[in-house]
Structures are given as C-alpha cells and as structure tokens.
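Input: a single structure, listed below in structure tokens.
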Number of protein chains: 2
Amino acid sequence: MLRDFQSVLKKLHLKVTPKRLAILEVLKNESVYLSPEEVWRKLRKQFSQVGLPTVYRNLEELAQGNVISKVTHPNRQLYYYFCLNPSHHHHFICLSCRTVEDIDFCMFRELEKRVKQELKGRVVSHILQVNGLCKKCLKKDGGSHA
Amino acid sequence: MLRDFQSVLKKLHLKVTPKRLAILEVLKNESVYLSPEEVWRKLRKQFSQVGLPTVYRNLEELAQGNVISKVTHPNRQLYYYFCLNPSHHHHFICLSCRTVEDIDFCMFRELEKRVKQELKGRVVSHILQVNGLCKKCLKKDGGSHA
DNA sequence: GTATTAATAGAAATGGTTTCTATTTATATT
DNA sequence: AATATAAATAGAAACCATTTCTATTAATAC
Ligand SMILES: [Zn+2]
Ligand SMILES: [Zn+2]
Ligand SMILES: [Zn+2]
Ligand SMILES: [Zn+2]
C-alpha cells in the first residue's frame, strides 16, 4: 500500500505498464469501492484501447499482492478499493454510497490464536466486513438502500 | 435453526411443501457445506421432477429466514450449511473437505458497538469467516488445497 | 370444497467473469 | 543501442452459475 507504485509493482514481479499504473491511479483517486467495469470506463478516458479482461486481470493480481483490497459485497459482484492504511484491519462499507471506513480495532489476532488452539486447523484467509449505511447516507434518506 | 421444520417454515410464512422439507433434510444430514447444484442432485434421488431454480429460490429464502447459513467462499460460488447452533456465531470452513466448525467466541457485539459509536453508521449485516484447512485435512495432505 | 395465493418445472435468458490467441510491450542482456 | 525473453494486452468468444419467465400445480385459509 505504498505510494511509490513502481517499486511496489517490482516487488511483486509485475511489469510496470502504463495501464497497470493507471488502474492504480484510478483506485487511489476514488474514495469508494469500484467494480472492474467502472475502473475500465475510467481508463477508457485515458486510453483509446483497453480491454476489460486486462482490468479484471490486473485488479486480481494487485489484490493478490495486497496492493488493493477486495470488497465482499452482498450482491456477490467484484469490487476493489485502494486502502492507504498499511496495517492489518477491516472495513465498514456503505451499501448505498460505497464509502469505505476502516475498522482499526481488529480482534482477529485473538480469534486466530483460538482457532489454532481449539480447532487445530490452518488459517488460510479470513473475512471480516461490516456492511451498512454510513453516517452521511443515514442523514440523507434515513436508511433506505438497494 | 429448530428441528421442527414445519413450525419454522410457518413462522416465516413459507408454505410447507415436500420439496422445501426435503431440501432442509438434505442439508441437515450433511456435515459439509453444499452448492445449490449438489443439493439439487440429491433431491433428484427422491423426486422425479425437481427444478434447479426451485432449489436456488428455497435456499435463498431459508437463508434469509436464518434457517440455514450461507458460506462466503473465496471462489464466489454459493454454498449453504445447516447449522444447529442457535446462538450468534461464525464459522471456520475447510477449503478442502468443506467441513464447517463453529467459532463460538464472537467479539462482534463489541465491534458493532464501536462501529456505531465511532462511525455513526447503521450496521445492516456483517461477515466474519475464517477460511482454512481443518485438522483432518492438514494430517491428510499436509495442507495443499485447491 | 372452494378460493386464494404461493410454489413449482422447465426452458430460456442473463451478464459478470474468464479463456483464448495473436500481437505488442517491458525488461534484461549484450 | 540492438536483441532476446517473457510478460502483458486487445478483442472476440466462451463460459456457466444464477436468474427470469410463464404456464401449471399445490398448499392453505375459509
Ligand atoms: Zn454511505
Ligand atoms: Zn483482521
Ligand atoms: Zn478439511
Ligand atoms: Zn458475529
């Protein structure tokens, strides 16, 4: 989650291509989570040629490399978000305006420890996400959401 | 999550149909999470006619009514699990054998409180799931998984 | 038993996502 | 700077899990 995209990509053994950098820029300049298609529409303003599969591929690679984070949306579509917070944490996402807010208090360390001790399993990944309506959206419409 | 399916369905204003009951039976008799298509294949052993859309619809209704629980799988396909534990809790799911184990210690109450206080948002839903490899699978193959 | 409303089967459509292949581009090496 | 190499890309096509649609059937209340 560094600002020096070049070195971040090199660390991940990903070539530094204009499209890749542009995808990162798009996400970095957004305060909300975006779908691959939305990222693609924004990219087309800068590039005459750009394929949607390229966007999908890059977003997935970047998420794998922990440069961006994936949003687990109830509608089960893909969304990505560029998070500046470098430490382990989770998100409160607004289902209406798509704002993302950090949940900095992570009790996962405790949880993981107990899972290991009590269940004797190996943790591969975990999801902790709180879905709801943000302060602003609650004021706006009292809480109706799609 | 009661064993008396009839009354459970009535409470949800869902008609008590043979297919509906059979879907619940299928899930109840499984110790692992199942995809809609897998539930459907099992149903076809009992019913000469049964549509896959019926299975999808029923599973979704039952999940909405908190009779069964949905699994948030990394592969983003739908899976459902019948959980006997009636209290609020979360799951450790095995990515290899699909075993589900309860995580009974839920720190979510604390989390929710702080989200409300600090972010002033409304919580609509939350996901907390730990994905990994269960004790048995770790022994079996040392941890390789699809 | 009748009326009412929900549930269903089966076919068809949907659409987000992935695959495929030829071409281009970034990077390392001379 | 020129060359080699392996990765990245565009565009078209395929995929396939999930949803929609409509006529028919079945459950429930009265
Ligand atoms: Zn909002
Ligand atoms: Zn965490
Ligand atoms: Zn297992
Ligand atoms: Zn919880």
Side-chain angles (χ1 to χ4, degrees), chain A residues 5-26 33-65 67-68 70-80 98 146, chain B residues 5-26 33-65 67-68 70-80 98 146:
Chain A
F5 291 154
Q6 299 249 149
S7 65
V8 170
L9 293 179
K10 278 186 177 142
K11 247 172 231 148
L12 294 173
H13 305 292
L14 295 174
K15 290 185 176 176
V16 181
T17 68
K19 307 262 165 82
R20 196 113 72 189
L21 289 170
I23 287 171
L24 280 168
E25 276 300 322
V26 163
Y33 53 91
L34 295 179
S35 70
E37 187 166 346
E38 286 164 336
V39 173
W40 178 61
R41 282 201 225 107
K42 284 171 193 292
L43 276 194
R44 284 202 297 183
K45 290 175 183 162
Q46 303 174 52
F47 300 92
S48 57
Q49 289 190 134
V50 56
L52 188 50
T54 296
V55 177
Y56 272 89
R57 188 174 8 85
N58 273 285
L59 290 172
E60 187 53 32
E61 287 163 346
L62 294 169
Q64 288 295 331
V67 184
I68 60 178
K70 213 184 270 211
V71 170
T72 302
H73 200 279
N75 73 7
R76 302 188 330 107
Q77 286 187 214
L78 286 170
Y79 295 97
Y80 295 91
R98 299 184 179 188
Chain B
F5 292 152
Q6 298 252 148
S7 64
V8 169
L9 294 180
K10 277 184 179 143
K11 249 173 228 148
L12 295 172
H13 305 293
L14 295 173
K15 290 184 177 175
V16 180
T17 69
K19 307 263 165 82
R20 196 113 73 190
L21 289 172
I23 288 171
L24 279 169
E25 277 299 323
V26 164
Y33 52 91
L34 295 179
S35 71
E37 186 165 346
E38 287 164 335
V39 173
W40 178 60
R41 281 200 226 107
K42 283 172 194 291
L43 274 194
R44 285 202 298 183
K45 291 175 185 165
Q46 303 175 53
F47 300 92
S48 57
Q49 289 190 135
V50 56
L52 188 50
T54 296
V55 177
Y56 271 90
R57 186 175 10 83
N58 274 284
L59 290 172
E60 187 52 32
E61 287 163 346
L62 293 170
Q64 288 295 330
V67 183
I68 60 178
K70 213 184 271 212
V71 170
T72 302
H73 200 277
N75 73 6
R76 304 189 329 106
Q77 286 187 213
L78 286 170
Y79 295 97
Y80 295 91
R98 301 185 178 188

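Below, chain A is the first sequence line, B the second, and so on; all start at residue 1. Note: hydrogens, waters and symmetry copies are ignored here, and every other heavy atom, side chains too, is used.
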If I compare all heavy atoms of A:Glu37 with all of A:Leu52, which pair ends up nearest, and what's the gap? CA-CD1, 4.0 Å
With five pairs defining each end axis, the helix from C:dG1-D:dC30 to C:dT30-D:dA1 comes out bent, to 10°, by 50°
Within residues 49-60 of chain B or reaching into it, pairs that qualify as side chain to side chain donor-acceptor pair (under 3.5 Å) - sequence neighbours excluded: B:Arg20-B:Asn58, B:Thr54-B:Arg57, B:Glu60-B:Gln64, B:Glu60-B:Lys70, B:Glu60-B:Tyr80
For A:Leu21 and D:dT9, what is the distance between atoms CG and C1' respectively, to the nearest whole Å? 15 Å
Output yes when a side-chain donor or acceptor of A:Trp40 lies under 3.5 Å from a complementary backbone atom of A:Pro53, and no otherwise. no
Listed partners of A:Gln77 passing side chain to side chain donor-acceptor pair (under 3.5 Å), at least two apart: none
Who pairs with A:Ser35 by side chain to side chain donor-acceptor pair (under 3.5 Å), at least two apart in sequence or on another chain? A:Glu38
Mind calculating the distance between CG (A:Leu9) and C1' (C:dT25) to the nearest angstrom? 15 Å
Just the rounded figure in Å: distance from P of C:dT17 to CG of A:Leu34. 13 Å
Any side-chain N or O of A:Tyr56 less than 4.0 Å from the OP1 or OP2 oxygen of C:dT17? yes
Protein proximity profile, nucleotides 3-10 of chain C - base contact B, sugar-phosphate-only contact S, no contact -, cut-off 4.0 Å on heavy atoms: --BSSBSB
Nearest whole Å is fine: how far is D:dA8 P from A:Glu60 CD? 14 Å
Can you tell me how far P of D:dT19 sits from CG of A:Asn75, to the nearest Å? 11 Å
List the residues meeting side chain to side chain contact (heavy atoms under 4.5 Å, CB included) with A:Pro74, not counting sequence neighbours, and say none if there are none. A:Leu95, A:Asn131
Write down the distance between CH2 (B:Trp40) and C1' (C:dA11), rounded to a whole number of angstrom. 13 Å
Please list, chain by chain and in numerical order, all residues satisfying salt bridge (charged side-chain N to carboxylate O under 4.0 Å, His left out) with B:Lys42, sequence neighbours excluded. B:Glu30
Would you kindly give the CD-to-P distance between A:Gln77 and D:dT18, to the nearest whole Å? 13 Å
Can you tell me if B:Arg76 touches the phosphate of D:dA17, counting only side-chain N or O atoms and a distance under 4.0 Å to OP1 or OP2? no
Spacing between A:Leu43 atom CG and D:dA8 atom P, to the nearest angstrom: 16 Å
Under the ring pair (Phe, Tyr, Trp, His ring centres under 6.0 Å) test, residues paired with A:Tyr33 that sit two or more places apart: A:His73, A:Tyr79
Considering residues at least two apart in sequence or located in another chain, which fulfil the side chain to side chain contact (heavy atoms under 4.5 Å, CB included) criterion with A:Arg76? B:Leu78
